[in-house]
Amino acid sequence: MRINIKKELIPYQFQLKSKSDIFYINLKHFAYNDRIYIDIYDENKNLLLENEKLIQDVPIGLYLFKDNNLTQNVFLPSAIIVPMSDNNKKYDITFDNFCTEVFLEYFEV
């Protein structure tokens with residue numbers, strides 16, 4: 001499922017309901033490198049992931065999905081958010097191509 005983003009409102013925060021959990025997603029643009037970053041908070045506004053750079057076709061927080069015992073990290077959403085393009089071209093995700101060539105896709109786990 002595609003997550004609809006109001007790019008013109010970045011920095012932009014929205015809620016994401018993942019099964020029975022609610023998470024807050026904060027998108028921001030860093031002008032010095034023209035890249036888009038994300039923060040994820042739990043429903044109590046505790047920071048779970050900060051300043052994760054969006055990389056096309058790489059699930060957000062991929063390195064945090066499993067702990068050292070390969071057990072799923074229960075502090076992350078029970079979903080995967082992946083920046084993807086419709087045309088299979090590779091992009092560095094910038095403000096200009098975000099929400100036009102590259103979109104956030106949401107997959108339940």
Once you round to the nearest 0.5 Å, how far does [atom1] of [X] lie from [atom2] of [Y]?
| X | Y | atom1 | atom2 | result |
| --- | --- | --- | --- | --- |
| Met1 | Phe107 | CE | CZ | 10.0 Å |
| Ile36 | Ile93 | CD1 | CD1 | 8.5 Å |
| Phe98 | Gln56 | CZ | CD | 12.0 Å |
| Asp39 | Ile60 | CG | CD1 | 10.5 Å |
| Ile40 | Leu47 | CD1 | CG | 9.5 Å |

*asked:* For a side-chain hydrogen bond (donor to acceptor under 3.5 Å, both in side chains) check, start with the C-alpha distance between Asn33 and Lys53, then their side-chain angles and the critical distance, and finish with the verdict.
replied: CA-CA 11 Å; Asn33 66 353; Lys53 180 170 61 174; over 6 Å; no

*Cluster partners of Tyr37, using ILVMFWY side-chain heavy atoms under 4.5 angstrom, listed by chain and number?*
Phe30, Tyr32

Do you know the tightest heavy-atom contact between [X] and [Y]?
| X | Y | result |
| --- | --- | --- |
| Val58 | Pro83 | O-CD, 3.4 Å |
| Ile38 | Leu54 | CG2-CD2, 4.0 Å |
| Gln13 | Asn26 | CB-OD1, 4.1 Å |

*Could you pull out all residues at least two apart from Lys90 that satisfy salt bridge (Lys or Arg N to Asp or Glu O under 4.0 Å)?*
Asp57

*Who passes salt bridge (Lys or Arg N to Asp or Glu O under 4.0 Å) against Lys17, sequence neighbours left out?*
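Expected list: none.
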
List the residues meeting side chain to side chain contact (heavy atoms under 4.5 Å, CB included) with [X], not counting sequence neighbours, and say none if there are none.
| X | answer |
| --- | --- |
| Asp34 | His29, Thr94, Phe95 |
| Ile3 | Ile5, Phe14, Ile81, Leu104, Tyr106 |
| Gln15 | Ile22, Tyr24 |
| Asn4 | Arg2 |

Which residues pass the side-chain hydrogen bond (donor to acceptor under 3.5 Å, both in side chains) test with [X], not counting sequence neighbours?
| X | result |
| --- | --- |
| Lys6 | none |
| Glu101 | none |
| Asn46 | Asp42 |
| Thr100 | none |

*Find out if a path of hydrophobic residues (ILVMFWY) with successive side-chain heavy-atom gaps under 4.5 Å connects Leu9 to Leu16.*
yes

*Using the side-chain contact (heavy atoms from CB on, under 4.5 Å) rule, take Ser85 and Tyr91 through it: C-alpha gap first, then chi angles, then the decisive distance, then the call.*
CA-CA 8 Å; Ser85 72; Tyr91 297 96; 4.0 Å; yes

*Step by step, would you call Tyr41 with Ile25 a side-chain contact (heavy atoms from CB on, under 4.5 Å)?*
CA-CA 7 Å; Tyr41 299 85; Ile25 309 296; over 6 Å; no

